[in-house]
2 protein chains.
Amino acid sequence: MAHITTSVEYGIHCLLWLVGNDNRPVSSRDLAELQGVSPSFLAKIFPRLEKAGIVKASEGVRGGYLLARPADRISFLDVVDAIEGEKPLFDCQEVRGRCAVFGAQAPGWATAGTCAIHAVMLQAEKAMRDTLASQTLASVGERFMRKAPPAFADDVNGWISDRVSGRATRGGRPARDVPD
Amino acid sequence: MAHITTSVEYGIHCLLWLVGNDNRPVSSRDLAELQGVSPSFLAKIFPRLEKAGIVKASEGVRGGYLLARPADRISFLDVVDAIEGEKPLFDCQEVRGRCAVFGAQAPGWATAGTCAIHAVMLQAEKAMRDTLASQTLASVGERFMRKAPPAFADDVNGWISDRVSGRATRGGRPARDVPD
DNA sequence: TGAACGCAGACTAATACAGTCGGCGTTTGC
DNA sequence: GCAAACGCCGACTGTATTAGTCTGCGTTCA
C-alpha cells in the first residue's frame, strides 16, 4: 500500500465538507453516504481526528462532527499525523554497526550521530512534511470551490439537511436522489 | 512497513562499498557477510540494480558487481526507483466522483484534471523525490569517509581480498574475524 | 569437473491496511 | 421512558506487501 493511506484520503475529503459548517454537526454516516465510502470504516477514522483536536464531536441524536478550529489552521500534515501517527518514511536498521571488519564491537566513530543514509532519508521526509504543512483545508477547499458551479455548495447543504430532516419527519427513510 | 524499504537501505549500503572499486568485482555474498545481512536477500536486490543500469554484473567464479557509472552520477532516487519501482506515495481513490448529489454520473467539472487532494500529495512526493535526487553515492560516501579513520578503507579492501584469496588458497574456509 | 558466481521463481512468516461487526454509553424526540 | 441516532471501542477477517529462505539453472574459471 501507499505510504499515505486511504484513511487519510477519506479523512481529508470529509473535513473539506465540514469547512464553513460551523453550527450544524454532521454525522460520520452522512459523510460516508455523501461520498460513497464505507460508513463503518469512516467511523474508525473520526475518533483519531477528535483526539488530535482537529474536530469536535457531539454525541447523541443529531450529534456529529464540527471542525475544532478554523480551516486555515488545519494543515494536511495535521491530518496525516492525526490519522497515521507520525510513521517514519524510512526505518534505519543500523547496518553500519554490523561491518565485519569491526569484529564483535563497532568503534564509536562508526555509530556516533545519525547514519549518513538515514540522514538523507530524514531530509527527504522533512521536504515531504514541509509541503504537507504548507497546505490547509481552507486553501484546498477554496481551490475546489473555484472549479464547482456556484450552486454546488447549496446543493450539498441541501442534501445533508434533507437526510437529517428526512429521518426526523419521514420515519427514518433516507432521502436518496439516486434512482434504481 | 516504511515506504522506503529495507531493500533500499541494504542496496545503498552495498553500493557505497563499491564506490572507488573499479576493477575488482565484489560478489553479493561477500557484501552480505561484510555487512552482516542476509546473503540470499541481497541476492534478490542486485538483479534490480543491474536491470536499472546502476551496476554491471560479471558471472562465473570471481564474478560479482561493479558500479556501471561514476558514483557522482548515481543518485539515491535512482536506487530507490530501481529497487522499489517508482511506487507512488499516495494512491488516489477518486472519491470526488462518487458524491451522492451527483447521482449516477458525475459531471465533467468534478472529475476533470487532477483531484485537489491528490495534487497536494503529488507535490509532497515531488519534494521528497527532489531531495533524493540531489544526493549521490559520491557525496554521501565522501561524508562517511570523513568520519572514518584514514586506514579504514584499506581495512575493508583487505577484508574483501582476504575473502576472495582465502577461498582460492585455503579451500573455501571463510576468513572471519569474529570468534565464537 | 566442481566450486563460485549471477539469476529466476516458488515459498513462508509477519505485518499492515481496508473493511466489517457487535456492544456500550449518551442524547434527543415522541 | 423507550427507541433511534449518535460517538466510541475492541475484536475480527481478507488481502497485499515485505523480509527472508530455498532450490534449481546457466555461466565462468581453476
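Chain identifiers are assigned alphabetically (A, B, ...) following the order of the sequence lines, protein sequences preceding nucleic acid strands; residue numbering begins at 1 within each chain.
dA18(C) atom C1' lies 17 Å from atom CD1 of I4(A), rounded to whole Å. Rounded to whole angstrom, the span from the CD atom of E50(A) across to the P atom of dG7(D) amounts to 11 Å. To the nearest angstrom, C1' of dC17(C) lies 12 Å from OH of Y10(A). When the P atom of dG7(D) is taken as reference, atom CG of L42(A) falls 10 Å away, rounded to whole Å. Distance, D30(B) CG to dA4(C) C1': 10 Å, rounded to whole Å. As a whole-Å value, the separation of R163(A) CZ from dA5(D) P is 10 Å.
Remark: aromatic rings of W109(B) and F102(B) are close, center separation under 6.0 Å.
When each of G60(A) and R29(A) is assigned the nucleotide of DNA chain C bearing its nearest heavy atom, the one mapping closer to the 5' terminus is R29(A). Summary of the strand contacts: G63(A) and K51(A) both lie near DNA chain D, and taking for each the nucleotide with the nearest heavy atom, the more 5' one is attributed to G63(A).
OP1 and OP2 of dA4(D) both lie 4.0 Å or more from every side-chain N or O belonging to R62(A). For dC21(C), the OP1/OP2 oxygens have no side-chain nitrogen or oxygen of S40(A) closer than 4.0 Å. Using a 4.0 Å cut-off, no side-chain N or O of S38(A) falls inside it from OP1 or OP2 of dG19(C).
Looking at the side chain of Y65(B), the nearest of the listed nucleotides dC7(C), dC8(D), dT20(C) is dC7(C). For V61(B), taking side-chain heavy atoms from C-beta onward, the closest of the listed nucleotides dA18(C), dG26(D), dC29(D) is dC29(D). Checking dC21(C), dA18(C), dG6(C) against every side-chain atom of S7(A), the shortest atom distance belongs to dA18(C). In the set dC9(D), dC17(C), dG6(C), the nucleotide with an atom closest to the side chain of T5(A) is dC17(C). Considering only the side chain of K44(A), dT20(C) comes nearest among dG7(D), dT20(C), dA4(D).
Salt bridge R73(B)/D78(B): absent, no basic N to carboxylate O contact under 4.0 Å.
Defined by atom type and a distance below 3.5 Å, a donor-acceptor pair is missing between the side-chain atoms of E94(B) and T111(B).
Every pair passing ring-ring contact (aromatic ring centres under 6.0 Å, His included) that includes a residue from residues 76-95 of chain B is listed here, sequence neighbours excluded: F90(B)-H118(B).
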